[in-house]
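Input: a single structure, listed below in structure tokens.
Basis for what follows: all heavy atoms, side chains included, without hydrogens, waters or symmetry-related copies. Residue numbers run from 1 in the order of the sequence given. Just follow the structure's listing: the first ligand is 1, and inside any ligand the first atom is 1.
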Amino acid sequence: MSDCIFCKIATGKIPSQKVYEDAEILAFRDLIPQAPTHILVIPKAHIASSAAEITAETAPIVGRIFAVIAQLAREQKLESYRIVNNCGEDAGQTVRHLHFHLLGGISLGAMLTGIQE
Ligand code: DGP
């Protein structure tokens, strides 16, 4: 999508601090980190604007995203971490391109999401 920030990051039009990339998936550091490790993992293609749009057809890439997250957590030496998906505006979603937050490196406490505005 031409007006989507994460599509622009995926195609390199907007620079990012990449930590993982393959043909379908990109992981990069969040612009405003909420924890010492705060990585966003996205499908490069705009397959869904939010988790609400995941279908049986697109679910396999979501599974691969979780495998990438597990690999990244090992590489970042995170013993505990939180995976967050904000689905919809009231849930705190600000970028309408499916993405998952990997947060760790600090005690995240009992907060529901670990993400604060
Ligand atoms: P969410 O609120 O769940 O939609 O998360 C969107 C995240 O994207 C938020 O934590 C900030 C991050 N973000 C927004 N714009 C950029 C950007 O241009 N570059 C990077 N690296 N992160 C961004």
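- Taking hydrophobic clusters as Ile, Leu, Val, Met, Phe, Trp and Tyr residues chained together by side-chain heavy-atom distances below 4.5 Å, Tyr81 shares a cluster with Val19.
- At a 4.0 Å cut-off, not a single heavy atom of Gln34 sits close enough to ligand 1 to count as contact.
- Contacts between Val84 and ligand 1, counted as non-hydrogen atom pairs separated by less than 4.0 Å, are absent for every part of the residue.
- Checked by atom type and distance alone, the side chain of His101 never pairs as donor or acceptor with a backbone atom of Asn86 at under 3.5 Å.
- Looking only at side-chain heavy atoms (C-beta outward), Leu102 and Leu78 come within less than 4.5 Å of each other.
- Thr11 places a side-chain N or O within 3.5 Å of a backbone atom of Cys7 that can act as its donor or acceptor partner.
- Here the shortest heavy-atom pairing between Ala27 and Val41 reads CB-CG2, 4.0 Å.
- Counting heavy atoms under 4.0 Å from ligand 1, residue Arg29 touches it through the backbone alone.
- Side-chain atoms of Gln93 come within 3.5 Å of backbone atoms of Val95 as a donor-acceptor pair (strictly under, hydrogens ignored).
- No part of Ile32 comes within 4.0 Å of ligand 1, judged by heavy-atom distances.
- Counting heavy atoms under 4.0 Å from ligand 1, residue Phe100 does not touch it at all.
- At a heavy-atom distance under 4.0 Å, only side-chain atoms of His101, from C-beta outward, approach ligand 1.
- The N/O atoms of Gln93, backbone and side chain alike, include none that comes under 3.5 Å of an N/O atom in ligand 1.
- Taking a cutoff of 4.0 Å between a charged side-chain nitrogen and a carboxylate oxygen, Lys44 and Asp22 do not qualify as a salt bridge.
- Around the CD atom of Glu75, the shell of radius 6.0 Å holds more than 12 heavy atoms that belong to other residues, nucleotides or ligands.
- When the shell of 6.0 Å around CG of Asp90 is examined, it contains 12 or fewer heavy atoms from other residues, nucleotides or ligands.
- Interface of Asn86 with ligand 1, defined as ligand atoms under 4.0 Å from a residue heavy atom, comprises 1 (P), 2 (O), 3 (O).
- Proximity to Ile9 (heavy-atom distance under 4.0 Å) selects the following atoms of ligand 1: 17 (C), 18 (O), 19 (N).
- At least one N or O atom of Gly92 sits closer than 3.5 Å to an N or O atom of ligand 1.
- Close contacts of ligand 1 with Ile5, meaning ligand atoms under 4.0 Å from a residue heavy atom, involve 18 (O).
- Counting heavy atoms under 4.0 Å from ligand 1, residue Asn85 does not touch it at all.
- When the heavy atoms of Val95, Ile42, Asp30 are ranked by distance to atom 11 (C) of ligand 1, first place goes to Asp30.
- Counting heavy atoms only, Thr94 comes closest to atom 4 (O) of ligand 1 of the residues Thr94, Leu98, Leu31, Leu103.
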